[in-house]
Every structure is written in C-alpha cells, then in structure tokens.
Amino acid sequence: MLPAPDPGKYFLNSLATSVKAKAAADGVEVSVYGAEEGGATAQYNQIENCVSMGVNAMIVMAPGSIEKCAPGCCSRPEKGIKVIGVPPGDLEPFDAIMHTDQYEDGQKVAKMACDFINKTYPNAPDKGVELWSWATRAAKKQMNLRYQGYRTIEKTCPKANVVQYIDLPQTADSIPAGASAAENVLTAIRTSRSS
C-alpha cells in the first residue's frame, strides 16, 4: 500500500505502475492511493482504512510533512503492519525509512535549472536571466532544507538573477498549491510585460 501524492501525475503514475509490476512478479499485491488533493487529512484516512483492511505493509509518501500522517501510522504495531516513511521526519514510528537529503535535492534542482539556463540562453550576460522561486520557506525542517538548496542557484549560476522569492503559506505544502503559485507568477509576469 502506497498512500502518496496524486498518482494521476505522470511521474507518480509511472512510479506506481512500476512498483505494482515488480511486486506482482513476486506474487505481492500492491494498492496505490493518491492523497494530494485531500492532503494529509485524506492520507490519514487512507492509512486508517488500510490498517482496518489488514495490509501487511505500508510505504507512506506524505504530501508535505510526514508528521501530519504519523498518528495513523502509530495505530498499526499491534496489527503487525510494517511501515516505511518517506520522507522520514523523525524516525519513529517507522520500521524503515527511505530518505533523500533535501538540501542536496534542492542543490540538484538548482544545478538542473542552471544547466537549462546555460543551454537555452548561452549568450545571456551575468544576472541576465530572471528567475522567480516559490516555496514554503517556513515549513517543516525537510521542506525548508530543500528551499535552502534551491537558493544555492544564486551563488552557483552566474547568469541567474533571482528577482523574487514567493513564500507560500505553510498550509500550502502540496503540489497543487505550488502549481497554482506558478500560474499566478507567470500571469503576473505576462501582465507586467504586456503593459
């Protein structure tokens, strides 16, 4: 069972399909649930439903911070359900964790953005490519570390000029909130340039 962000998204849908196929080859049935639109509340309910169904194990990929879903995971030890947390937050109450160094992840995103800028705008002068960044800076530790990693682009990419950081509210730690912020930023840029 993988309660996760919206599996309708291409990457997560591909991941879910791959996991199900690999597990089926070993005779293991996998169910995938998407909680992105309902956030942590929907995911908590999905976890509780899976506990009630008597699943053997859960990999919980939290939308935003895993801490919001941990109470649901805590209700399973007496039932013998193993739980893997992604990202782990605190190590309890999980039996195992899958973890990415969020700061390093942010640095890699910054490097990918710099590589794109250099390839797409090879003749741009230093600080000649404007960037806007949006993130939940005040979010839980792991999301904040990723945000700090994103900011390394300012020192590592000479052509990048970060003109504004948009701090999303802490309650907006989801993919739809980020997508909505991106649409708002792009609309504002188009509007300012057309007037």
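Because the structure is a prediction, the values reported are computed rather than measured.
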> How long is the gap from OH on Tyr150 to NZ on Lys108, to the nearest 0.5 Å?
Replying inline: 13.5 Å
Distance-only check: which donor-acceptor pairs under 3.5 Å involve side-chain atoms of residues 117-124, not counting sequence neighbours?
| residue | atom | partner | partner atom | Å |
| --- | --- | --- | --- | --- |
| Asn118 | ND2 | Cys114 | O | 3.3 |
| Thr120 | OG1 | Phe116 | O | 2.8 |

> Considering all heavy atoms of both residues, which atom of Gly149 and which atom of Thr152 are nearest to each other, and what is their separation?
Replying inline: O-OG1, 2.6 Å
> Same cluster for Val129 and Met112 if Ile/Leu/Val/Met/Phe/Trp/Tyr side chains link at under 4.5 Å?
Replying inline: no
> Does Lys22 have any side chain to side chain contact (heavy atoms under 4.5 Å, CB included) partners at least two apart in sequence or in another chain, and if so, which?
Replying inline: Ser18
>> Taking salt bridge (Lys or Arg N to Asp or Glu O under 4.0 Å) as the definition, give me every residue that meets it alongside Lys111, ordered by chain and number, with sequence neighbours left out.
In response: Asp115
>> As an exercise, state the distance from OG1 of Thr156 to CZ of Arg151, rounded to the nearest 0.5 Å.
In response: 12.5 Å
>> Can you pull out every salt bridge (charged side-chain N to carboxylate O under 4.0 Å, His left out) where at least one residue sits in residues 120-131? Sequence neighbours excluded, please.
In response: Glu130-Arg193
> Which pair of heavy atoms, one from Ile153 and one from Ala113, lies closest together, and at what distance?
Replying inline: CD1-CB, 3.8 Å
> What is the distance from atom CD of Glu29 to atom NZ of Lys20, rounded to the nearest 0.5 Å?
Replying inline: 8.5 Å
>> Using the side-chain hydrogen bond (donor to acceptor under 3.5 Å, both in side chains) criterion, which residues pair with Asn45? Sequence neighbours excluded.
In response: none
>> Any non-hydrogen side-chain atom of Leu131 less than 4.5 Å from a side-chain atom of Asn161?
In response: no
>> Is there a side-chain contact between Met58 and Val51 in this structure, where contact means two heavy atoms from C-beta onward sitting under 4.5 Å apart?
In response: yes
> Can you name the closest pair of heavy atoms from Ala23 and Val30 and give their distance?
Replying inline: CB-CG2, 3.3 Å
>> Is there a side-chain contact between Ile81 and Val55 in this structure, where contact means two heavy atoms from C-beta onward sitting under 4.5 Å apart?
In response: yes
> Can you name the residues that form a salt bridge (Lys or Arg N to Asp or Glu O under 4.0 Å) with Asp101, not counting sequence neighbours?
Replying inline: none
